[in-house]
2 protein chains.
Amino acid sequence: MKLPTSTEWVLHCAASLAQLQPGETASATQLATYYDLPAPYLAKQLQALTRAGILAASTGPRGGFRLARPAADITMLQIVEAVDGAVAPYECREIRQQGRGALSAEECRETCPLARTMAEAHDAWRASLAAVSLADILAELPSGAPARTRRILTG
Amino acid sequence: MKLPTSTEWVLHCAASLAQLQPGETASATQLATYYDLPAPYLAKQLQALTRAGILAASTGPRGGFRLARPAADITMLQIVEAVDGAVAPYECREIRQQGRGALSAEECRETCPLARTMAEAHDAWRASLAAVSLADILAELPSGAPARTRRILTG
DNA sequence: GGTCGCCTACTCGGATACGTAATGTCCGAGTCGGAATGG
DNA sequence: CCATTCCGACTCGGACATTACGTATCCGAGTAGGCGACC
């Protein structure tokens, strides 16, 4: 069970974009330079966030990415699932219905306890991430951080 | 973020082994036949559980696998981490210390809020799985299940 | 008939190929800003 | 001096190699039980 490396990238990028002022944008190249990341691959991930409706993209000179809605309305879960997909890590293939000890369809009306337990754990994980928004993250940074980020990122 | 397919296999196998009586064992071949799984690969996963101290293996004729300790002392988390490894899905590589916007080591004394949030979510997931033991799973099965499992599995 | 020894068959354990998905890179389509030009 | 037109450069978007991991398989070492021979 492993999240893509790019998860950390987009989380930090989203946090940086949240520190910009309304109307300002940052290009994929600027963000890649800011964190020393491979620019083309980072752009690919930012596109995924755009498709998910988390970021908005502008083309042309002075274009780039910005948050599609207020930082308080963007949760960690939304960002993570945008890059990794929203599929549960445990996929029940109903092996209890296969082989020598196969159960009848009648006996499988109830979801098997194993799958249910795994699903509950996944729900707990999702709830924990959904409880934290980008605004909550920004609130934990030093008060001077946004100005510094804007100056270095766009400079 | 995806768990190996074999996770479902070993969970079901562990549940089946928990239904055996003390002293009884089931070989990898028997378990593979019971669930219609590729025997050699299943054996590889059962070995991982043996190394983790969850199962005990006996060689020779009439040998096989059995639980290494009572079902109440084996949690879902222990089984899952035995096959998947115990590494957290989100690995913080401290990209905030790289690139144009790198923070000084002084400013990174505190773990970054993003990594902390991801770690808390992982803790919630682990706690949810650690709260359920194999004995809890067995308690949800029909009362006649153990006898049926033993008959088909060892027969 | 009992006991000892050997042998066979079955078990797990680790080392070895294959397929798929994430990682990393590239080039093309579209668009806005700016400069040069003409009025 | 101002408006217009054209050009250029920068942006995102999707399509293409490369690498690493999970999947699947095989063969070898070790052991307990069963059979036969011997006492």
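Proteins get letters first, then strands, A, B, ... in listed order; numbering begins at 1 in each.
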S.K.: List the atom of Tyr90(A), the atom of Leu114(A), and the distance in Å for their closest heavy-atom pair.
M.R.: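 In terms of heavy atoms, the two residues are closest at OH-CB, 4.5 Å.
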S.K.: Consider only side-chain heavy atoms of I, L, V, M, F, W and Y, link residues closer than 4.5 Å, and tell whether Leu55(A) and Tyr41(A) are in one cluster.
M.R.: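 In one cluster with Leu55(A): Tyr41(A), yes.
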S.K.: Does the side chain of Thr33(B) pick up a donor-acceptor pair with the side chain of Gln30(B) at under 3.5 Å?
M.R.: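 On atom types as modelled, these side chains do not qualify, holding no pair under 3.5 Å.
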S.K.: Does the side chain of Tyr41(B) get closer than 4.0 angstrom to OP1 or OP2 of dT25(D) through an N or O atom?
M.R.: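 So the side chain of Tyr41(B) is outside the cut-off, no N or O lying under 4.0 Å from OP1 or OP2 of dT25(D).
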S.K.: Nearest whole Å is fine: how far is dA24(D) P from Leu37(B) CG?
M.R.: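 Between P of dA24(D) and CG of Leu37(B): 10 Å.
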S.K.: May I ask you to say whether Arg126(B) pairs ionically with Glu81(B), meaning some side-chain N is under 4.0 Å from a carboxylate O?
M.R.: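 Counted as a salt bridge, because a side-chain N and a carboxylate O are separated by less than 4.0 Å.
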S.K.: For the pair made of CG in Leu42(A) and P in dT25(C), what is the distance, rounded to whole Å?
M.R.: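 In whole Å, dT25(C) P and Leu42(A) CG are 12 Å from each other.
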S.K.: Which atoms of nucleotides 6-16 of chain C (N or O only) lie under 3.5 Å from a protein N or O atom, and what are those distances?
M.R.:
from	atom 1	to	atom 2	distance (Å)
dT11(C)	O4'	Gly60(B)	O	3.2
dC12(C)	OP1	Ala28(B)	N	3.4
dG13(C)	N7	Gln47(B)	NE2	3.1
dG14(C)	OP2	Arg51(B)	NH1	3.0

S.K.: Tell me which residues in residues 74-86 of chain B lie within less than 4.0 Å of DNA chain D, going by non-hydrogen atoms.
M.R.: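 Contacting residues: none.
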S.K.: In whole Å, what is the span from the CG atom of Leu31(A) to the P atom of dC10(D)?
M.R.: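 These atoms are roughly 17 Å apart.
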S.K.: Should the pair Glu107(A)-Arg109(A) be classified as a salt bridge under the 4.0 Å nitrogen-to-oxygen rule?
M.R.: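 No salt bridge links Glu107(A) with Arg109(A).
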S.K.: When you measure from the side chain of Asp84(A) to the backbone N and O of Met1(B), does any donor-acceptor pair fall under 3.5 Å?
M.R.: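 Yes, because the side chain of Asp84(A) sits within donor-acceptor range (under 3.5 Å) of the backbone of Met1(B).
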S.K.: Shortest non-hydrogen contact from His122(B) to Val87(B)?
M.R.: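 Looks like NE2-O, 4.5 Å.
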S.K.: Less than 4.5 Å apart, side chain to side chain, heavy atoms only: is that true for Thr117(B) and Asp136(A)?
M.R.: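 A side-chain contact under 4.5 Å is absent here.
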S.K.: Between Glu8(B) and Arg93(A), does any NZ, NE, NH1 or NH2 come within less than 4.0 Å of an OD or OE carboxylate oxygen?
M.R.: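 Salt bridge absent between Arg93(A) and Glu8(B).
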S.K.: What pair of heavy atoms forms the shortest contact from Leu153(A) to Ala26(A), and how long is it?
M.R.: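 Leu153(A) and Ala26(A) have their closest heavy atoms at CD2-CB, 3.9 Å.
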S.K.: Give the residues of residues 1-13 of chain A touching DNA chain C, defined as any heavy atom closer than 4.0 Å, sorted by residue number.
M.R.: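 Residues of residues 1-13 of chain A under 4.0 Å from DNA chain C: Pro4(A), Thr5(A), Trp9(A).
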